[in-house]
Amino acid sequence: MSRPSVLSVVGNRPQFVKAAPLSRALRETCDEVLVHSGQHYDPALADLIIDELGVPPPDHALEVGPGSPPAQLSRIIARLEPVIAETRPDLVLVYGDTTTTLAAALTAAKTDTALGHVEAGLRSFQRTMPEEQNRVLTDHLSELLFCPTDAALANLAREGVTDGVHRVGDVMFDAHLMFADAARARPGAERWDLGEDYLLVTVHRAAATDTRQALTAVVEILESLGHPAVFPVHPRTRAKLEEAGLSDRAEAVPGLVLAEPLGYLDFQALLLSARGVVTDSGGVQKEAAFAGVPCITVRDETEWVETVEAGVNRLTGLDAERVVAALEDLPPRFTPPDLYGDGDAAGEISRIIAAHLS
Ligand code: UDP
């Protein structure tokens, strides 16, 4: 009997991280065709991560390149359709909540191809947030929905989505377990002589970078950290800070290293020994919990509510005063709580897909 064929579509840094364990597991039960949309084309966000995590080289590169979300969305759809027509997969598999995710979901629907969604059911309940639009629409087009948590399952049930829904745990936790030893072997804080009391900072979302007011709030937060800190600056954030004329102010913050985006292993090495994390990233909030490092999330809400309920993540909004208060009250490092499965989400997903398609 021939093996089921799955066409996985990735295109952004966190999707390469998620594909690392999942591509490996999937190829044990299915034939996988891997498509890279090219949404993240900066080598630091794409090739570096793909190479170091051993993600198989893409079979098709759509090279969508820069552009507004609608422009990227339409280009990905136009370039993916012929790939689906040529390869005729049994299932299209998408990850997370990006433009690439939605474009591939729509292309699957319009070519009458079954769709699977990894990280289904996550909600911020902010309908204007681009990621929320992408994930809600993708979930409602999916035949197989792979939820990391019970909260995600409950969110889908509230929207009437119960068929094909599976709680599998989180593939980013699989990646964390897969690469933690390799990360520990890398130089971390000593690269910048940060001492032991340092914070790791990331900010990249539209809500934090799209207006001058938000960018000013980001710089105020950087100025009030009161700890040595390293901030690997996302290219989007770097460009927006420059455009707003705020780069010099950020560069001038004493004790703050503004670094280029790091490879996954170097980033994890820094995270594993940090005193705390300040972030607006979805993935980094979870990774802080995996590493036993307290997190401050500079948003008003999170999709990863379990981290807040477990007391290891605090929401402050983009508000320097609230960040300072949270830092004054920063809990000690902790034993990682058991929130995101047993480290075999990828295996579960690949077994469910194989059973569903055979
Ligand atoms: N990451 C990385 N290098 C960095 C910053 C983050 O490899 O300099 C990794 C991080 O460990 C996590 C992923 O990128 O696995 C998170 O991606 P991002 O914050 O861009 O997206 P989000 O998770 O918010 O969708």
**ring pair (Phe, Tyr, Trp, His ring centres under 6.0 Å) contacts touching residues 69-104 (sequence neighbours left out)** = none
**Prompt:** How many angstroms lie between atom CG of Leu225 and atom CG of Leu199, to the nearest 0.5 angstrom?
**Reply:** 6.0 Å
**Message:** Per the side-chain hydrogen bond (donor to acceptor under 3.5 Å, both in side chains) rule, what does the pair list look like for residues 171-183, sequence neighbours excluded?
**Reply:** Asp181-Arg184
**Prompt:** Looking only at atom types and distance, does a side-chain atom of Thr237 sit under 3.5 Å from a main-chain N or O of Val203, one as donor and one as acceptor?
**Reply:** yes
**Item:** Pairs where residues 215-243 contributes a residue and the test ring pair (Phe, Tyr, Trp, His ring centres under 6.0 Å) is met, not counting sequence neighbours
**Value:** His40-His234, His204-His234
**Prompt:** Just wondering, do Thr297 and Thr316 contact through their side chains at under 4.5 Å, heavy atoms?
**Reply:** no
**Prompt:** Closest heavy-atom contact between Ala20 and Phe179?
**Reply:** CB-CE1, 4.0 Å
**Message:** With heavy-atom distances below 4.5 Å as the criterion, would you say the side chains of Val218 and Leu318 are in contact?
**Reply:** yes
**Prompt:** If only atom types and distance count, is the side chain of Gln39 paired as donor or acceptor with the main-chain N or O of Gly11 below 3.5 Å?
**Reply:** no
**Prompt:** So, the side chain of Thr113 versus the backbone of Thr111: is there a donor-acceptor pair under 3.5 Å, distance only?
**Reply:** yes
**Crowding at CD, Glu321 (>12 non-hydrogen neighbours, <6.0 Å)** = no
**Message:** Side-chain heavy atoms nearer than 4.5 Å, only ILVMFWY residues, links allowed to pass through others: does that put Ile353 and Val9 together?
**Reply:** no
**Enclosure of Arg24 CZ (heavy-atom neighbours >12, cutoff 6.0 Å)** = no
**Side chain Asp139, main chain Gly121, donor-acceptor under 3.5 Å** = yes
**Asked** Could you go step by step and tell me if Thr98 and Glu131 meet the side-chain hydrogen bond (donor to acceptor under 3.5 Å, both in side chains) rule?
**Response** CA-CA 6 Å; Thr98 69; Glu131 294 89 341; over 6 Å; no
**Message:** Looking only at the side chains, is there a donor atom on one of Thr202 and Thr279 sitting less than 3.5 Å from an acceptor on the other?
**Reply:** yes
**Prompt:** When rounded to the nearest 0.5 angstrom, what is the spacing between CD in Glu309 and OG1 in Thr302?
**Reply:** 10.5 Å
**Message:** For a side chain to side chain contact (heavy atoms under 4.5 Å, CB included) check, start with the C-alpha distance between Cys295 and Thr307, then their side-chain angles and the critical distance, and finish with the verdict.
**Reply:** CA-CA 9 Å; Cys295 185; Thr307 57; over 6 Å; no
**Prompt:** Does some side-chain heavy atom of Arg127 sit less than 4.5 Å from a side-chain heavy atom of Val136?
**Reply:** yes
**Message:** Given 3.5 Å as the limit, does a donor-acceptor pair link the side chain of Asp342 with the main chain of Asp344, or not?
**Reply:** yes
**Asked** Which heavy-atom pair separates Pro294 from Phe334 by the least distance, and what is that distance?
**Response** N-CE2, 3.4 Å
**Request:** Taking the side chain as every heavy atom from C-beta outward, state whether Thr99 and Pro69 have any atom pair closer than 4.5 Å.
**Result:** yes
**Prompt:** What pairs with Asp31 under salt bridge (charged side-chain N to carboxylate O under 4.0 Å, His left out), at least two apart in sequence or on another chain?
**Reply:** Arg3
**Message:** Would you say Val293 ends up clustered with Trp192 if hydrophobic residues are merged whenever their side chains have heavy atoms under 4.5 Å apart, either directly or through other cluster members?
**Reply:** yes
**Message:** Would the distance check show the side chain of Ser142 and the main-chain N or O of Leu145 forming a donor-acceptor pair, the cut-off being under 3.5 Å?
**Reply:** no
**Prompt:** Would Lys110 and Glu81 pass as an ion pair if we require N to O under 4.0 Å?
**Reply:** no
**Prompt:** Rounded to the nearest 0.5 Å, what separation is found between the CG atom of Asp300 and the CD atom of Gln126?
**Reply:** 7.5 Å
**Candidate pair Leu315 and Val308, rule side chain to side chain contact (heavy atoms under 4.5 Å, CB included), full reasoning** = CA-CA 8 Å; Leu315 302 175; Val308 176; 4.2 Å; yes
**Request:** State, yes or no, whether a side-chain contact exists between Leu200 and Phe267 at a heavy-atom distance under 4.5 Å.
**Result:** yes
**Asked** Salt bridge check: are Arg186 and Glu190 linked by an N-O gap of less than 4.0 Å?
**Response** no
**Prompt:** Do Val278 and Val219 sit in the same hydrophobic cluster, where Ile, Leu, Val, Met, Phe, Trp and Tyr count as joined when their side-chain heavy atoms come under 4.5 Å apart?
**Reply:** no
**Request:** Spell out, as yes or no, whether a donor-acceptor pair under 3.5 Å connects the side chain of Glu301 to the backbone of Ser124.
**Result:** no
**Request:** Specify the closest pair of heavy atoms between Val165 and Cys147, including all atoms of both residues, with the distance to one decimal.
**Result:** CG1-SG, 3.8 Å
**Prompt:** So if you build clusters from Ile, Leu, Val, Met, Phe, Trp, Tyr with side-chain heavy-atom gaps below 4.5 Å, do Val284 and Leu122 land together?
**Reply:** no
**Request:** Decide yes or no for Leu194 and Leu270: does some side-chain heavy atom of the first lie under 4.5 Å from some side-chain heavy atom of the second?
**Result:** yes
**Prompt:** Do Thr149 side-chain atoms and Ala152 backbone N/O form a donor-acceptor pair below 3.5 Å?
**Reply:** yes
**Message:** Is there a salt bridge (charged side-chain N to carboxylate O under 4.0 Å, His left out) between Glu119 and Lys286? Walk through the geometry before answering.
**Reply:** CA-CA 13 Å; Glu119 264 191 14; Lys286 285 183 288 176; 3.1 Å; yes
**Request:** Using a 4.5 Å cut-off on heavy atoms from C-beta on, say whether the side chain of Pro261 contacts that of Arg13.
**Result:** yes
**Message:** Show, in sequence, the C-alpha distance, side-chain angles and deciding distance for Asp329 and Arg314, and conclude whether the salt bridge (charged side-chain N to carboxylate O under 4.0 Å, His left out) test is met.
**Reply:** CA-CA 10 Å; Asp329 215 16; Arg314 190 145 152 199; 3.2 Å; yes
**Prompt:** So, Arg135 and Glu303, do they make that salt bridge, N to O below 4.0 Å?
**Reply:** yes
**Asked** Any donor-acceptor pair under 3.5 Å linking the side chain of Asp280 with the backbone of Arg205?
**Response** yes
**Shortest non-hydrogen separation from Pro4 to Asp90 and the atoms involved** = CA-OD2, 3.3 Å
**Request:** With the side chain counted from C-beta on, respond yes when His36 and Gln15 share a heavy-atom pair under 4.5 Å apart, and no when they do not.
**Result:** no
Enumerate donor-acceptor pairs with a distance under 3.5 Å from any side-chain N or O in residues 45-64 to protein atoms, sequence neighbours excluded.
{"unit_1": "Glu52", "atom_1": "OE2", "unit_2": "Tyr264", "atom_2": "N", "d": "2.3"}
{"unit_1": "Glu52", "atom_1": "OE2", "unit_2": "Leu265", "atom_2": "N", "d": "3.3"}
{"unit_1": "Asp59", "atom_1": "OD2", "unit_2": "Leu34", "atom_2": "N", "d": "2.7"}

**Asked** Is the shortest side-chain N to carboxylate O distance from Arg167 to Glu348 below 4.0 Å?
**Response** no
**Flag, side chain of Arg275 to backbone of Asp197, donor-acceptor distance under 3.5 Å** = no
**Sequence neighbours excluded - ring pair (Phe, Tyr, Trp, His ring centres under 6.0 Å) pairs with any residue from residues 303-331** = Trp304-Tyr340
**Request:** Consider only side-chain heavy atoms of I, L, V, M, F, W and Y, link residues closer than 4.5 Å, and tell whether Val10 and Met178 are in one cluster.
**Result:** yes
**Message:** So which atom in Ser5 and which in Leu357 form the shortest heavy-atom distance, rounded to 0.1 Å?
**Reply:** O-CD1, 4.5 Å
**Item:** Salt bridge flag under 4.0 Å for residues Asp266 and Arg191
**Value:** yes
**Asked** So which heavy atom on Ala310 is nearest to which on Pro337, and how close?
**Response** CB-CG, 4.4 Å
**Message:** I'd like to know if Arg238 pairs up with Glu260 as an ion pair, taking the criterion as any Lys NZ or Arg NE/NH1/NH2 lying under 4.0 Å from an Asp or Glu carboxylate oxygen.
**Reply:** yes
**Message:** Between Met172 and Phe290, is the side chain to side chain contact (heavy atoms under 4.5 Å, CB included) condition met? List the steps.
**Reply:** CA-CA 9 Å; Met172 278 189 127; Phe290 306 155; 4.2 Å; yes
**Request:** Would you give the length of the straight line joining atom CG of Leu106 to atom CG of Leu73, rounded to the nearest 0.5 angstrom?
**Result:** 6.0 Å
